[in-house]
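I have placed the structure first, in the form of structure tokens, so that the comments after it can refer back to it.
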Amino acid sequence: FALSVLICASPSSALAAEAQVTDAKKGADLPKQGGAMPAQQAYIVSCAADDALLSQCVSNAVMKHGAVAISHIAGLASARERALRSVSRCVVGTEPHPAVSEKVYPDASVRRALFALNGFPNGFPEPLPAHGVPGCEQLVDTFELRAIVDKASNLFVNTLEPLVVPGTDGLLDARDGEGVERAGAYTSFAQIYRDSDTHEHFRAFYNPFQGADPPTSPAGWESSQAAPPEIHLHEDAGMFVASVPALHLEIHPSGDGAMLAHESERDAGFAFDLHGDGTLTRISPEHASSSVVFWLGLAWRDWIHPVNPQLKPAPHSVHLKTPPGVARLWYGKIHMLPKNALLPPDATGSRSTYAEWDAARHAVAASLLRSVTDDAHDDAPGSSNPAAVLRSQWGMGRRLNAVISCFPGFPSPPPSPPPSPPPSP
């Protein structure tokens, strides 16, 4: 897609020539959504990257819903598949490694992840932490995907700039190196974007391979876990998230296998609640392979000065459902706020920078996690039953989520079940 229109173009735009090859078999020749947004739709708005009305389409969608997909991005379908296959080979079914975080759920399903902080210091992706670990030699195949998503993020920010009202008091206040508070220090989204931290996430969720043939049709998914893990409806901290829709791969003892249908075809996986009424809205399956999906974070409600119109974060959830022998693979990049950005004054008139706020919430989380670990062992003292320990840790994890959700930027806890009706007389 064209990079010449970017206000905050990345030096990685040198890769643009490589990305001009259209992958017609994987989504690049699918129907496109132009600048006009339909009144109602089954899926989130999808705006074609090469459409002349791209900026109008994106800004309309973000103003209304806080989320949008930029689709028909040249080279993305093949880059997404190569990158997520390389991540699968690195983290699925391999021995645990310190560079790979891991969470095991009570049903024995596993979530593993690779993270990178500010992985584009020179405008080009840096190696991921697990690069060079046995089994992870092909992580270099993630570079093209990361570069394409980075360029799409530049494009997304560029489309929002017209929403800044000229002559206003700026978008963010900041505290400079001398400790002086500067009102309206950030006057454009490009400035905020350029000075912000970024957190990259590669995640794999899977049930360990048990020798069974992986299902090849949607019907094969119905008999999987009765109550799979779920990331409940929440809003993310920071400015925005850019991600590619998840890819589902068969897992074979000899390595990764065929791709399965996109999860939106099963009304599963990732979804937005864009209308606030519990109606879930998903990415169109036909656009999934060629799209980068963007959604706004809490910064628009709690930090950034009002723009015209006021933008809002997009609540979303993820229902993790994979039968044995299938891995769900995902890549996302969270754009936070500059460390020196200032919160609005609290009731006492004091103000925290984003760095201070972020450090405080992580300290709270770390303290609670230590408590969770201790309590989990106390709840199952001396137990030789791994399932009992896992159930205990899972329950404590839910309690942790309920506590830290009171801190701004943490996911909301799941709603409490309704009280049981009184017994009949």
Side-chain angles (χ1 to χ4, degrees), residues 12 15 18 26 75-105 107-121 124-150 198-212 214 228-229 231 241-260 262-263 269-270 288-289 292-293 318 320-334:
S12 60
L15 295 176
E18 296 180 26
K26 296 182 179 177
L76 176 56
S78 55
R80 168 177 170 260
E81 180 178 349
R82 283 196 304 274
L84 295 179
R85 283 186 181 277
S86 72
V87 171
S88 178
R89 297 179 196 120
C90 174
V91 304
V92 176
T94 57
E95 291 298 318
H97 187 275
V100 180
S101 72
E102 180 181 78
K103 180 179 179 68
V104 180
Y105 294 90
D107 65 350
S109 58
V110 179
R111 185 180 70 192
R112 289 183 173 177
L114 292 168
F115 302 99
L117 175 65
N118 298 328
F120 287 75
F124 188 82
E126 284 197 338
L128 294 169
H131 189 80
V133 173
C136 300
E137 295 87 354
Q138 290 182 301
L139 286 180
V140 67
D141 287 344
T142 65
F143 280 23
E144 184 179 7
L145 172 67
R146 295 166 67 197
I148 289 175
V149 172
D150 183 59
T198 59
H199 300 176
E200 291 181 88
H201 300 249
F202 280 96
R203 297 183 182 273
F205 179 86
Y206 62 98
N207 278 334
F209 185 79
Q210 299 174 348
I231 302 174
V241 180
S243 81
V244 294
L247 181 144
H248 295 260
L249 287 179
E250 295 178 354
I251 308 170
H252 296 288
S254 59
D256 53 296
M259 285 192 297
L260 300 184
H262 187 259
E263 59 193 19
F270 182 87
S289 66
V292 178
V293 182
V318 185
L320 299 172
K321 186 174 185 180
T322 58
V326 172
R328 180 187 189 273
L329 300 142
W330 177 85
Y331 170 68
K333 187 176 182 182
I334 303 174

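All heavy atoms count here, side chains included; hydrogens, waters and symmetry mates do not. Remember, it's a predicted structure, so these values are computed and weren't measured experimentally.
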TODO: Tell me, please, which residues at least two apart from Arg111 pass salt bridge (charged side-chain N to carboxylate O under 4.0 Å, His left out).
DONE: none
- [ ] Could you tell me which residues satisfy side chain to side chain donor-acceptor pair (under 3.5 Å) with Arg85, sequence neighbours excluded, listed by chain and number?
- [x] Glu81, Asp256
Task: Whether Asn118 side chain and Thr198 backbone form a donor-acceptor pair below 3.5 Å - done: yes
TODO: On the 0 to 90° scale, with breaks at 30° and 60°, tag the His201-Trp330 ring pair as parallel, tilted or perpendicular.
DONE: tilted
Task: Residues forming a salt bridge (charged side-chain N to carboxylate O under 4.0 Å, His left out) with Glu102, sequence neighbours excluded - done: Arg112
- [ ] Could you tell me which non-hydrogen atom of Gly119 sits nearest to which non-hydrogen atom of Arg146, and how far apart they are?
- [x] O-NH2, 3.8 Å
Task: Non-hydrogen side-chain atoms of Arg203 and Phe115 separated by less than 4.5 Å - done: yes
- [ ] Measure the shortest side-chain to side-chain distance between Phe202 and Leu84 over non-hydrogen atoms and say whether it is less than 4.5 angstrom.
- [x] yes
TODO: Side-chain contact test, heavy atoms from C-beta onward, threshold under 4.5 Å: evaluate it for Glu200 versus Phe120 and give yes or no.
DONE: yes
TODO: Taking the side chain as every heavy atom from C-beta outward, state whether Arg328 and Val318 have any pair of such atoms under 4.5 Å apart.
DONE: yes
Task: Partner set under side chain to side chain contact (heavy atoms under 4.5 Å, CB included) for Ala79, not counting sequence neighbours - done: Arg82, Glu144, Leu145, Ile148
Task: CZ-CG distance between Phe143 and Asp150, expressed to the nearest 0.5 angstrom - done: 13.0 Å
TODO: Mind listing the closest non-hydrogen atom pair of Ala246 and Arg80 along with its distance?
DONE: O-NH2, 2.9 Å
- [ ] Please identify each residue that fulfils side chain to side chain contact (heavy atoms under 4.5 Å, CB included) with Val293, with sequence neighbours left out.
- [x] Ile44, Ala69, Ser243, Pro245, Phe272, Ile283, Trp295
- [ ] Please name the pair of heavy atoms, one in Ala242 and one in Val292, separated by the smallest distance, quoted to 0.1 Å.
- [x] CB-CG1, 4.1 Å
Task: Nearest non-hydrogen partners of Leu114 and Cys90, listed with the distance - done: CD1-SG, 4.4 Å
Task: Pi-cation contact, Tyr105 with Lys103 (under 6.0 Å, within 45°) - done: yes
Can you give the donor-acceptor pairs under 3.5 Å from side chains of residues 127-139 to other protein atoms, not counting sequence neighbours?
unit_1, atom_1, unit_2, atom_2, d
Glu137, OE1, Gly135, N, 3.0
Glu137, OE2, Gly135, N, 3.3
Gln138, OE1, Arg89, NH1, 2.9

Task: Trace of the side-chain contact (heavy atoms from CB on, under 4.5 Å) decision for Val241 with Lys333 - done: CA-CA 6 Å; Val241 180; Lys333 187 176 182 182; over 6 Å; no
